[in-house]
There are 2 protein chains.
Amino acid sequence: MKNTLSSTFAGANREYVASLAKGLAVIRCFDHQHTEMTLSEVARLANLTRATARRFLHTLHQLGYMESDGKLYWLTPKVLDLGYSYLASQPLIERVQPYTKELCDAIGESCSVSVLDFPDVVYVARTLSHQIMSVSLNVGARLPAVTTSMGRVLLAARGDEEIDELLAKVSVERFTKHTLVEPAQIKGEIQMARKKGYAICNQELEIGLRSLAVPIRNRQGKAVAAINVSSQPLKVSESKLLKEILPQLREAARKISDAL
Amino acid sequence: MKNTLSSTFAGANREYVASLAKGLAVIRCFDHQHTEMTLSEVARLANLTRATARRFLHTLHQLGYMESDGKLYWLTPKVLDLGYSYLASQPLIERVQPYTKELCDAIGESCSVSVLDFPDVVYVARTLSHQIMSVSLNVGARLPAVTTSMGRVLLAARGDEEIDELLAKVSVERFTKHTLVEPAQIKGEIQMARKKGYAICNQELEIGLRSLAVPIRNRQGKAVAAINVSSQPLKVSESKLLKEILPQLREAARKISDAL
DNA sequence: GCAAAAAAGTTCGCCATCCGAACTTTGCCC
DNA sequence: GGGCAAAGTTCGGATGGCGAACTTTTTTGC
């Protein structure tokens, strides 16, 4: 196979700089299973020749993004600066933390803010309540949009046609017995979210986890992010969720909108 | 001036890929003052010709890191994936959140974890307590190592000679009237931190903010990160900080070390 | 409101940059 | 300890990316 990052594939044109794509691929091949790697391992994972991987590792090292003992290479905290460029460039994200904190304290449940990057939602802020969830998601973590309350309220802002197109091109993973996998069912949930202004996702991602989300709108009324509350069905009833928690969630979303 | 990213400067050698450096510079020129920019603005900020900036913006767009309306360009959430590569590649960071949460709940004060990337410390996890601080720092945020409790305990792990070298090459900003700016004084604080196993930074960054930090050590005993507690001098006395909070902070650091 | 000028955006010939085949070095197995 | 496979490095040459020059858009001045 030809390298998928070379200009023969991704952008067979003169406006595409293949070296940038390769360099980013080198950064991205590090993860929790690959915390430090040899040149050859990087080459294999990033689909580059060893010579090419070497040039990029050396470049990243000279730029301060990569550290090495001469044999193994690993990422430095400077890599966070790249993600920070995005966080800093979104005024919403910079200011949202106090509101999630306030909401979390008021209702005693974990609270998150995410944006849509189809087919995922991406967490941009979190405040955890007391109980430690089985998964602790960092800022930047992704979950499938169609299987989350936040994803559904964000998709609700799109037109029905666009929703059909988007749903057509994702394969939905069945996380639990409750997970909706039929496009028609999911579309129904999204339309319900549009009508009611909120979405509930009941144990579709994980048994024992129910989340409620509402959109955060900018000055133009566009849904730019979503805020949610995660709770346990056994601890918080659905009626309590809608009667007590939903108004507070809406209030938090409104406050954030006003601050934009 | 010649472009500082071209091979004539940063790496005048055949192991340096200038295009990668330029592409990363394009990402990094976005921040809270530059949330969306035209091609020419990017060219100016990243020190590139317009033609070059154009190629990189188009490349980032094709790769999904950049969005555009044809006139303005802005970063997409996919940029967070880059930073996430670093977070995921550090087992420490992936697991630290529950411990900062637990500590924060136990003592009722904000609690953070950071790593050293001299001349800064970089926040990798935070749990805020009730009172909202004047600054809400995201993951990836940086503060000068020499003016923070976490920076000082992390520097304490280095040799005296290395500390002298490091201190010689930073200029220390005087944030408040309490900020230590003399290298000799700072070195004294670092040596004290080494001796006692903790560091206190009393209102040197901001009036009304006192922090206490201890190192987090890996299995080999190396200080790989620091954990701290921020409190208000008027609310928590120094003796309470040392008698009640320090032992809990040490316990949290030990638990994190054990989990590594 | 229109012309002139300046700034922004785009094209394309050329050559420095980056590619990868070939070579050297390392380390593993019997 | 010698042979072999895998990792790491080099360097001649093709080609990807550079930027001067061009076109288009926006601003300025009257």
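Throughout, protein chains are lettered first and strands after them, A, B, ... in sequence-line order, and every chain is numbered starting at 1.
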task = Decide, yes or no, whether a salt bridge links A:D120 with B:K78 under the criterion of side-chain N to carboxylate O below 4.0 Å.
result = no
ask   = Expressed in angstrom and rounded to an integer, what is the separation of A:M37 atom CE from D:dA6 atom C1'?
value = 18 Å
key: Residue-phosphate contact under 4.0 Å: B:K22 side-chain N/O, D:dG17 OP1/OP2   = no
message = Expressed as a whole number of angstroms, how long is the span from A:L48:CG to C:dC18:C1'?
response = 13 Å
message = Side chains of B:T59 and B:Q62 only: does a donor on one sit below 3.5 Å from an acceptor on the other?
response = no
Output a table of donor-acceptor pairs, distance under 3.5 Å, between side-chain atoms of residues 213-226 of chain B and any protein atom two or more places apart or on a different chain; print 'none' if there are none.
residue : atom : partner : partner atom : Å
B:R217  : NH1  : B:G221  : O            : 3.1
B:N218  : OD1  : B:Q220  : N            : 3.0
B:N218  : OD1  : B:G221  : N            : 3.1
B:N218  : OD1  : B:K222  : N            : 2.9
B:N218  : ND2  : B:Q220  : OE1          : 3.3
B:R219  : NE   : B:L260  : O            : 3.3
B:R219  : NH2  : B:D258  : O            : 3.3
B:R219  : NH2  : B:L260  : O            : 3.3

request  = Would you kindly give the OH-to-P distance between B:Y16 and C:dT17, to the nearest whole Å?
outcome  = 12 Å
task = At under 4.0 Å between heavy atoms, which parts of nucleotides 9-14 of chain C does protein reach? Answer with one letter per nucleotide, 5' to 3': B base, S sugar-phosphate only, - none.
result = BSBBB-
A:S19 vs D:dG17: side-chain N/O to OP1/OP2 distance below 4.0 Å = yes
query = On DNA chain D, nearest-nucleotide positions of A:R44 versus B:T52: which is more 5'?
reply = A:R44
inquiry  = So if I apply the side chain to side chain contact (heavy atoms under 4.5 Å, CB included) rule between B:L116 and each of B:V122, B:V121, B:V153, which one comes out positive?
reply    = B:V121
remark   = One would report the end-axis bend of the helix from C:dG1-D:dC30 to C:dC30-D:dG1, five pairs per end and rounded to 10 degrees, as 50°
note = note: B:L60, atom CG; D:dG17, atom C1'; distance rounded to Å ~ 15 Å
query = Of the options B:L143, B:V115, B:V139, which is the one that meets B:Y123 in a side chain to side chain contact (heavy atoms under 4.5 Å, CB included)?
reply = B:L143
ask   = Looking at B:R28 and A:D81, does any basic side-chain N land under 4.0 Å from a carboxylate oxygen?
value = yes
note = CD1 of A:I190 to CG of A:L167, rounded to nearest 0.5 Å, is 5.0 Å
key: Non-hydrogen side-chain atoms of B:L48 and B:K22 separated by less than 4.5 Å   = yes
